[in-house]
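Presented below is the structure to which this report refers.
The figures that follow rest on heavy atoms only: side chains count, while hydrogens, waters and symmetry mates do not. These numbers were taken from a predicted model, which means no experiment stands behind them. Each chain gets a letter, A, B and so on, in the order its sequence line appears, and its residues count up from 1.
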Amino acid sequence: MSSAGGQMERYESSKLYRIRHSMAHIMAQAVLEVFPEAKIAIGPPIEDGFYYDFELPRAVNEQDLNRVTKRMKEIIKGGFSFERRVVSADEALAMFANQPYKVELIEGLMAGNLDEYGEKRKDGEEVILTTYRQDSFEDLCRGPHVEKTSDINPDAFSISFKEPAGAYWRGDENNQMLTRIYGTAWETQEELEDYLQRLEEAKQRDHRKLGIELGLFAFSQLVGKGLPLWKPKGAVLRDTLERFLRDEQIRRGYTPVITPHIAKVDLYITSGHYPYYADSQYDPIDVDGEQFMLKPMNCPHHIQIYKSEHRSYRDLPIRMMEFGTVYRYEQSGELNGLTRVRGFTVDDAHLFVTPDQLLEEFIAVVELIQYVFNSLGLLDFKARVGVRDPESDKYIGADDIWEKATSAIIEACDRLGLQYTVEEGEAAFYGPKLDFIFRDVLKREWQLGTVQVDYSLPERFEMEYVGTDNKTHRPIMIHRAPFGSLERFIGILTEHYYGAFPLWLSPVQMAVLPVSNKVDAEAKALAAQLQAEGFRVEVYERGQLGKKIAEARGQRIPYQVILGQRDVENGTVSIRLRDDTELEPMPVSEFIAMARHVRDSRAMDLVPAQQ
RNA sequence: GCCUACGUAGCUCAGUUGGCAGAGCACCUUCUUGGUAAGAAGGAGGUCAUGGGUUCAAGUCCCAUCGUAGGCUCCA
């Protein structure tokens, strides 16, 4: 996005926005010329481009899009001006008599003051209907547009870079499915090419592609979709992450617990999960007349552990941790590699605290999350406080409880000096939460860690502790997960690092590359020595050295340990880093010391700074 | 779940209007014994996702199912 004078220009008032908005109209005109019977819906600018939704007589193909593109270029070159006109409702209804979606829009605007997405308009302003016309095409529209079509660069847009997509009218799955044609448009051809190249790079970085190449995970039709299988290299990566977090949590006073993967439906009826989230849970299993289900969350189980003993204020805070695997029935169309699956493991913990302890414990959790992100080199993240949507009734718990929880989160953020935004409708159903949104190297945003303050579940489960006053009190729960889910997190990490994990996380940390197979035996002995030092090592025995290097590079092996006759005689190794840096031959002991230091300090660089 | 497209060897892909199932890489064997981005030759590997249908004949056309991709919807 362009910026002016150091201050971010609002996208809505930028030239790019007007270009894209105008492109949507131009595309609609071209599509109507190719498909005269098409019905047009809406066509707004979006990030990086625009779209327009159509009801078409048949599926569009590449050829259609080429024809549309050709026609769009002609319209652009025609230099038609965009003419704004204020129209009365009757006039508009007459003009769009053949366009049912436009009629619905006009009626919505006049009667219910609904905007183009079917949402109640918030500004409450009086509705003025306006249209914009270019060439032969006039569309109901608020604007703004460029002055004339020739203000647009005919070589800086593309509509066939993405497959046409189905989209529900007004985003409601009960409505007609329309065909959405996406476009991208820029001021210059270079910007267009940059954008297309960024898309290409994202494709190269895709964890689904890298996951296969690096042997991290697999899916099986027989096991079922959305159920990842961790292969040895993925499993060691995941296990390393788990151990890192487990150790860190134990240092901070957490205690591990373990709970089963199924439980009686009654547990989730009590917790409130069952009625609210019936759609996204697996159907219950009948066992001897009782209903059991795969657990969609770990918290009710942990609550039962809390309740298994009589608790005193002296026991609190209790911090229970579990890498708990949960199962959720995601719609099949939503499944996506490791980032959206049907069975995944949450790095879960539940803290049970007194009101006095809440703030301190909340802050400690945020500090843990910051520490974890820092250790992994995830530096670009922002915090979002998710609060209730006041219009919705999907939440449980009384108003004053929500207010208490929300103000606790905001106070903790202020005390930590955290930059945060507050967003309505982003709360969990039982309480408000603080989410950490991570931006990866491609500037894509991912929701990772989450912390939730919960007064509701303690209430529903009638949790208690005895206070100093010898009376029973209700604990407060903090739900939190720094990674969110191990699956999604590793998918994101893979893309962020482009498969080149820091040494401590690399599935294979070093590969020994014998220069010829005359030194294969020595290479194996060296590998055994390195393995005994606790490193994950492979020996590459196939082909000539060049081929071994090519393969090791492809596998993003951090240290490529080259061993030839010369090295054997001198007791040295020649280290090549995965970024093609070649180090001077060094004694084996020196290499081990260096690698150990890099690994144990969880450094991002493969060579310590002082070297 | 919905719309659209796709599914051919472990991986990446070719396969004409329906007419004997292919390539590169990987794998196995042999040769080569090498110093920083893929040495050479040979071999093996397939119920063309699965099940039906049309046809003298189906990888190719039709239907269903499963899976995948891009969207929509959803995301505790």
Side-chain angles (χ1 to χ4, degrees), chain A residues 51 53 55-56 58-62 161-182 199 203 206 208-209 212-213 215 218-226 268 271-274 276-281 295-300 326 328-337 339-341 346 386 394-396 426-431 433 447 450 452 454 457 479 481 484-485 488 513-520 540 542-554 560 562-567 574-578 580-583 585:
Chain A
Y51 68 79
D53 287 342
E55 187 185 318
L56 296 174
R58 60 170 172 85
V60 288
N61 55 39
E62 190 82 30
F161 73 116
K162 253 186 192 179
E163 298 272 310
Y168 300 108
W169 166 238
R170 283 188 160 163
D172 185 335
E173 61 184 323
N174 300 313
N175 285 344
Q176 171 77 29
M177 176 71 71
L178 305 173
T179 301
R180 175 169 298 178
I181 302 176
Y182 282 95
L199 286 188
K203 222 167 119 185
D206 193 317
R208 292 167 298 189
K209 176 180 154 73
I212 294 172
E213 287 172 6
F219 289 90
S220 148
Q221 279 199 31
L222 272 180
V223 172
K225 58 180 166 186
Y268 304 103
S271 72
H273 291 107
Y274 189 70
Y276 284 84
Y277 297 99
D279 289 348
S280 48
Q281 289 162 172
K295 71 172 167 187
M297 312 206 82
N298 299 303
C299 30
V326 297
R328 299 180 190 176
Y329 178 76
E330 303 289 351
Q331 294 194 92
S332 62
E334 251 313 318
L335 299 172
N336 184 282
T339 55
R340 197 76 185 275
V341 291
V346 184
K394 73 168 186 173
Y395 306 99
I396 58 172
E426 291 292 335
F429 79 96
Y430 49 71
K433 60 181 186 172
Q447 187 192 314
T450 176
Q452 296 156 16
D454 177 11
L457 290 182
H479 308 239
S485 108
R488 171 179 290 182
L513 279 43
V515 172
S516 89
N517 53 21
K518 278 189 187 142
V519 289
D520 276 357
Y540 280 33
R542 283 161 189 288
Q544 302 188 130
L545 184 59
K547 177 173 182 147
K548 293 172 184 174
I549 289 172
E551 282 180 0
R553 289 178 90 259
Q560 296 152 26
I562 291 163
L563 188 77
Q565 204 64 49
R566 283 207 301 270
D567 299 291
S574 306
I575 305 301
R576 198 198 143 94
L577 307 180
R578 63 183 159 204
D580 296 337
T581 307
E582 292 173 33
L583 306 183

Quick one: label [X] by what it contacts on the DNA or RNA (base, sugar-phosphate, nothing), any heavy atom closer than 4.0 Å.
{"X": "Lys225(A)", "answer": "sugar-phosphate"}
{"X": "Phe429(A)", "answer": "nothing"}
{"X": "Gly333(A)", "answer": "base"}
{"X": "Tyr182(A)", "answer": "sugar-phosphate"}
{"X": "Arg566(A)", "answer": "base"}
{"X": "Asn61(A)", "answer": "nothing"}
{"X": "Asp567(A)", "answer": "base"}
{"X": "Arg180(A)", "answer": "sugar-phosphate"}
{"X": "Glu213(A)", "answer": "nothing"}

For [N] versus [M], give the span between their [atom1] atoms, rounded off to a whole number of Å.
{"N": "A26(B)", "M": "G42(B)", "atom1": "P", "answer": "15 Å"}
{"N": "U68(B)", "M": "C56(B)", "atom1": "C1'", "answer": "36 Å"}
{"N": "A44(B)", "M": "U4(B)", "atom1": "P", "answer": "44 Å"}
{"N": "C3(B)", "M": "G46(B)", "atom1": "P", "answer": "37 Å"}

Whole angstroms only, please: what is the [atom1]-[atom2] distance between [X] and [N]?
{"X": "Leu335(A)", "N": "C74(B)", "atom1": "CG", "atom2": "C1'", "answer": "12 Å"}
{"X": "Glu173(A)", "N": "C2(B)", "atom1": "CD", "atom2": "P", "answer": "10 Å"}
{"X": "Leu545(A)", "N": "U33(B)", "atom1": "CG", "atom2": "P", "answer": "16 Å"}
{"X": "Tyr329(A)", "N": "C75(B)", "atom1": "OH", "atom2": "C1'", "answer": "14 Å"}
{"X": "Arg576(A)", "N": "U36(B)", "atom1": "CZ", "atom2": "P", "answer": "10 Å"}
{"X": "Asp206(A)", "N": "U68(B)", "atom1": "CG", "atom2": "C1'", "answer": "12 Å"}

Using a strict 4.0 Å threshold on nitrogen-to-oxygen distance, state whether Arg340(A) and Glu330(A) make a salt bridge.
-> yes

Should the pair Arg208(A)-Asp206(A) be classified as a salt bridge under the 4.0 Å nitrogen-to-oxygen rule?
-> yes

With the side chain of Arg488(A) defined as its heavy atoms from C-beta on, choose the nearest nucleotide among C72(B), C75(B), U36(B).
->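 Selected nucleotide (nearest to the side chain): C75(B).
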
Among G70(B), U36(B), C72(B), which nucleotide sits nearest the side chain of Glu582(A)?
->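 The answer is U36(B).
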
Glu173(A): partners by side-chain contact (heavy atoms from CB on, under 4.5 Å), with sequence neighbours left out | Tyr168(A)

Any donor-acceptor pair under 3.5 Å joining the side chain of [X] to the base of [N]?
{"X": "Arg542(A)", "N": "C27(B)", "value": "no"}
{"X": "Ser516(A)", "N": "G35(B)", "value": "no"}
{"X": "Tyr168(A)", "N": "G1(B)", "value": "yes"}

Using a 4.0 Å heavy-atom cut-off, write out nucleotides 3-11 of chain B from 5' to 3' as B (base contacted by protein), S (sugar-phosphate only) or - (no contact).
-> BS-------

Note, RNA chain B 5' to 3' with Watson-Crick or G-U pairs under 3.5 Å encoded as ( ), [ ], | and . gives (((((((..((((.....[..)))).(((((.......))))).....(((((..]....))))))))))))....

Output yes when at least one side-chain N/O atom of Arg208(A) is less than 4.0 Å from OP1 or OP2 of A69(B), else no.
-> yes

Are Asn517(A) and U32(B) close enough that a side-chain N or O sits under 4.0 Å from OP1 or OP2?
-> no

Please step through side-chain contact (heavy atoms from CB on, under 4.5 Å) for the pair Leu563(A) and Leu513(A), ending with a clear verdict.
-> CA-CA 6 Å; Leu563(A) 188 77; Leu513(A) 279 43; over 6 Å; no

If we ignore angles and hydrogens, is there a donor and acceptor under 3.5 Å between the side chains of Ser574(A) and Asp567(A)?
->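 The answer is yes; a qualifying pair exists.
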
Could you run down the sub-3.5 Å N/O contacts of the protein with nucleotides 39-41 of chain B?
| residue | atom | partner | partner atom | Å |
| --- | --- | --- | --- | --- |
| G39(B) | O4' | Gln544(A) | NE2 | 3.2 |

Could you check Tyr430(A) against Gln452(A) for side-chain hydrogen bond (donor to acceptor under 3.5 Å, both in side chains), going step by step and ending with a plain yes or no?
-> CA-CA 9 Å; Tyr430(A) 49 71; Gln452(A) 296 156 16; 2.3 Å; yes

For Tyr51(A), enumerate each residue passing the ring pair (Phe, Tyr, Trp, His ring centres under 6.0 Å) test, keeping only those at least two apart in sequence or located in another chain.
-> Tyr182(A)

Would you please name every residue forming a ring pair (Phe, Tyr, Trp, His ring centres under 6.0 Å) with Tyr395(A), sequence neighbours left out?
-> Trp402(A)

Say whether, by atom type as modelled, one donor and one acceptor occur between the side chain of [X] and the main chain of [Y] under 3.5 angstrom.
{"X": "Asn336(A)", "Y": "Thr339(A)", "value": "no"}
{"X": "Lys225(A)", "Y": "Ser332(A)", "value": "no"}
{"X": "Arg576(A)", "Y": "Gln560(A)", "value": "no"}

How do His273(A) and Ser574(A) order along RNA chain B: which one's closest nucleotide is nearer the 5' end?
-> Ser574(A)

